[in-house]
Peer 1: 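Quick one: structure below, then a few questions.
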Amino acid sequence: FFRTTSSQDAPASEEQEVQTEGIMQKIRLEFNAVDGPATKRELLLGFSDFTTDAYDYGYEAKNIDENQDDLNLVLEGQNMMIQAYASITAEKEVPLKFKASGSYNYRIELTQIENIEPDQEIYLRDNLLGYYFDLRTDQAYEFSSESGVFANRFEIVFQEAHQESLSTTEEDYTYNLMYYNNDTNKLFVKGLQSDAEQLMIINMLGQTVQEFGHVEAQKLDNGISVSNLSTGAYVVYLKTNTSVKTKKIIIK
């Protein structure tokens, strides 16, 4: 992370201030298209006790060359490639603005970390799927999207959500509606008031491993067969004409 002003033009007092400032923690992200129009975007995020979540002169860079498919940081409504923030805290959330030109697949991965402790959690939160992806796994998060601009789907966060943060009503509803029976290899969705328009099973890398089109509510209530999946955790994504629901399941 470097200031955009030249130190040769700065007064001696300003040069001294730059040299004595604290350490900048850095995260570099890379966004790529898997299919569709070729695209690549690198984003650089910096965190320190001498910068803020607002505009910091010399520490920000706008995106002046937007792609058809793109991922940006956001500052005061503007697309950014480089942005500085205040120090990392467990509550900090960094929004990412995502744009897709069509129904394609994409990848987001962490490519560089600097001055951040090894035990500091760094997650990509997919608000559409209700899923947290650990960016420190040396894997890319792969996901699908329809065309559009999505300002609220992705965020960088620094702790994983805890189940106790859900209210009792939300918890009972979310965790009793969908479940997977390992004895019969069937996925059950109970109590739907309308048919499912789309049903996807997504692995922990964000890859869609099984996908169903229109599925009748009665069929889901009775259970649909899900087979040929490896042991592990998955996220079920269910879309109806009125809502989107997600649930984490374990296949043994």
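These numbers come from a predicted model, not from an experiment.
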Peer 1: What residues form a salt bridge (charged side-chain N to carboxylate O under 4.0 Å, His left out) with Glu93, not counting sequence neighbours?
Peer 2: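 For Glu93 the salt bridge (charged side-chain N to carboxylate O under 4.0 Å, His left out) partners, ignoring immediate neighbours, are Arg125.
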
Peer 1: Using a 3.5 Å distance criterion without hydrogens, assess whether the side chain of Gln159 forms a donor-acceptor pair with backbone atoms of Glu91.
Peer 2: no

Peer 1: Starting at OG1 of Thr111, measure out to CG of Leu29 and round the result to the nearest 0.5 Å.
Peer 2: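 The CG atom of Leu29 is 7.0 Å from OG1 of Thr111, to the nearest 0.5 Å.
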
Peer 1: Less than 4.5 Å apart, any side-chain heavy atom of Asp126 and any of Tyr141?
Peer 2: yes

Peer 1: Partners of Lys62 by salt bridge (charged side-chain N to carboxylate O under 4.0 Å, His left out), sequence neighbours excluded?
Peer 2: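 If we apply the salt bridge (charged side-chain N to carboxylate O under 4.0 Å, His left out) test to Lys62, skipping adjacent residues, there are no hits.
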
Peer 1: Would you say that Ile27 contacts Leu135 through its side chain, given a criterion of any heavy-atom pair below 4.5 Å between the two side chains?
Peer 2: no

Peer 1: Examine distances only and state if a side-chain atom of Gln112 and a backbone atom of Leu110 form a donor-acceptor pair shorter than 3.5 Å.
Peer 2: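 No; judged by distance alone, with no hydrogens or angles, the pair does not exist.
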
Peer 1: Got a sec, which residues hit side chain to side chain contact (heavy atoms under 4.5 Å, CB included) with Gln210, two or more places apart in sequence or on another chain?
Peer 2: Ile201, Phe212, Val226, Leu229

Peer 1: Do Lys92 and Asp53 have side-chain heavy atoms sitting under 4.5 Å apart?
Peer 2: yes

Peer 1: Are the side chain of Asn72 and the backbone N or O of Val74 linked by a donor-acceptor pair below 3.5 Å?
Peer 2: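 Absent.
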
Peer 1: Only counting residues at least two apart or in another chain, list the ones meeting ring-ring contact (aromatic ring centres under 6.0 Å, His included) with Phe154.
Peer 2: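 Listed in chain order: Phe98, Phe143.
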
Peer 1: Rounded to the nearest 0.5 Å, what's the gap from OG1 on Thr39 to CG on Asn32? Could you check?
Peer 2: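 Between atom OG1 of Thr39 and atom CG of Asn32 there are 7.5 Å.
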
Peer 1: Which heavy atom of Ser48 sits nearest to which heavy atom of Ile23, and what is that distance?
Peer 2: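 Ser48 and Ile23 have their closest heavy atoms at CB-O, 3.8 Å.
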
Peer 1: Given 3.5 Å as the limit, does a donor-acceptor pair link the side chain of Gln25 with the main chain of Asn115, or not?
Peer 2: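 Checked: pair present.
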
Peer 1: Checking Glu146 now: which residues fulfil side chain to side chain contact (heavy atoms under 4.5 Å, CB included) with it, not counting sequence neighbours?
Peer 2: Ser103, Lys239

Peer 1: Does Tyr180 have any side-chain hydrogen bond (donor to acceptor under 3.5 Å, both in side chains) partners at least two apart in sequence or in another chain, and if so, which?
Peer 2: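 Tyr180 satisfies side-chain hydrogen bond (donor to acceptor under 3.5 Å, both in side chains) with Asn185 once adjacent residues are dropped.
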
Peer 1: Can you name the nearest heavy-atom pair linking Asn203 to Val209, along with the distance?
Peer 2: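 What the structure gives for the nearest pair is ND2-CG1, 3.6 Å.
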
Peer 1: Check whether any side-chain heavy atom of Leu45 lies under 4.5 Å from a side-chain heavy atom of Gln83, and answer yes or no.
Peer 2: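 No, too far: nothing below the 4.5 Å cut-off.
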
Peer 1: List the residues meeting side-chain hydrogen bond (donor to acceptor under 3.5 Å, both in side chains) with Gln120, not counting sequence neighbours, and say none if there are none.
Peer 2: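 Residues passing side-chain hydrogen bond (donor to acceptor under 3.5 Å, both in side chains) with Gln120: none at all.
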
Peer 1: CG of Leu71 to CD of Glu30: how many Å apart, nearest 0.5 Å?
Peer 2: 11.0 Å

Peer 1: Is there a side-chain contact between Val189 and Lys245 (heavy atoms, below 4.5 Å)?
Peer 2: no

Peer 1: Applying salt bridge (charged side-chain N to carboxylate O under 4.0 Å, His left out), can you list everything that pairs with Glu121, at least two apart in sequence or on another chain?
Peer 2: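 With sequence neighbours excluded, Glu121 shows a salt bridge (charged side-chain N to carboxylate O under 4.0 Å, His left out) to no residue whatsoever.
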
Peer 1: Applying side chain to side chain contact (heavy atoms under 4.5 Å, CB included), can you list everything that pairs with Pro95, at least two apart in sequence or on another chain?
Peer 2: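 If we apply the side chain to side chain contact (heavy atoms under 4.5 Å, CB included) test to Pro95, skipping adjacent residues, there are no hits.
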
Peer 1: Under the side-chain contact (heavy atoms from CB on, under 4.5 Å) criterion, do Thr208 and Tyr237 qualify, and how do the steps go?
Peer 2: CA-CA 10 Å; Thr208 301; Tyr237 169 91; over 6 Å; no

Peer 1: Who are the side chain to side chain contact (heavy atoms under 4.5 Å, CB included) partners of Val34, not counting sequence neighbours?
Peer 2: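 Residues passing side chain to side chain contact (heavy atoms under 4.5 Å, CB included) with Val34: Asn105, Arg107.
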
Peer 1: Could you state the interatomic distance from CD1 (Ile249) to CG (Asn181), rounded to the nearest 0.5 Å?
Peer 2: 11.0 Å

Peer 1: Quick check: closest heavy atoms across Leu73 and Leu44, and the distance to 0.1 Å?
Peer 2: CD1-O, 3.7 Å

Peer 1: For a 4.5 angstrom cut-off between non-hydrogen side-chain atoms, does Asp69 reach Tyr104?
Peer 2: yes

Peer 1: State, to 0.1 Å, how close Tyr106 and Ala100 come at their nearest heavy-atom pair, and which atoms those are.
Peer 2: OH-CB, 3.4 Å

Peer 1: Arg41: what forms a salt bridge (charged side-chain N to carboxylate O under 4.0 Å, His left out) with it, not counting sequence neighbours?
Peer 2: Asp70

Peer 1: Does any part of the side chain of Asp56, heavy atoms only, come nearer than 4.5 Å to the side chain of Phe50, both counted from C-beta?
Peer 2: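 Counting from C-beta outward, Phe50 and Asp56 never come under 4.5 Å.
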
Peer 1: Decide side-chain contact (heavy atoms from CB on, under 4.5 Å) for Asp134 and Tyr132; before the verdict, give the C-alpha distance in whole Å, the side-chain angles of both, and the deciding distance to 0.1 Å.
Peer 2: CA-CA 7 Å; Asp134 186 354; Tyr132 288 71; over 6 Å; no

Peer 1: Scan residues 200-223 for pairs that pass salt bridge (Lys or Arg N to Asp or Glu O under 4.0 Å), counting only residues two or more places apart or in two chains.
Peer 2: Lys190-Asp221

Peer 1: Flag yes if Ile88 and Ile156 sit in one hydrophobic cluster, no otherwise; membership is Ile, Leu, Val, Met, Phe, Trp, Tyr, and two members link when side-chain heavy atoms are under 4.5 Å apart.
Peer 2: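 Cluster IDs for Ile88 and Ile156 match.
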
Peer 1: Minimum heavy-atom separation for Met178 to Lys247, with atom names?
Peer 2: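 Of all heavy-atom pairs spanning Met178 and Lys247, the closest is O-NZ, 2.9 Å.
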
Peer 1: Identify the two heavy atoms, one from Ala233 and one from Ile250, that lie closest to each other, and give their separation to 0.1 Å.
Peer 2: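 Taking every non-hydrogen atom into account, CB-CD1, 3.6 Å.
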
Peer 1: Taking it one step at a time, do Ile113 and Ile122 satisfy side-chain contact (heavy atoms from CB on, under 4.5 Å)?
Peer 2: CA-CA 10 Å; Ile113 302 175; Ile122 306 173; 4.2 Å; yes

Peer 1: Would you find a donor on one side and an acceptor on the other, under 3.5 Å apart, between the side chain of Asn63 and the backbone of Asn79?
Peer 2: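 The answer is no, because no donor-acceptor pair under 3.5 Å joins these two groups.
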
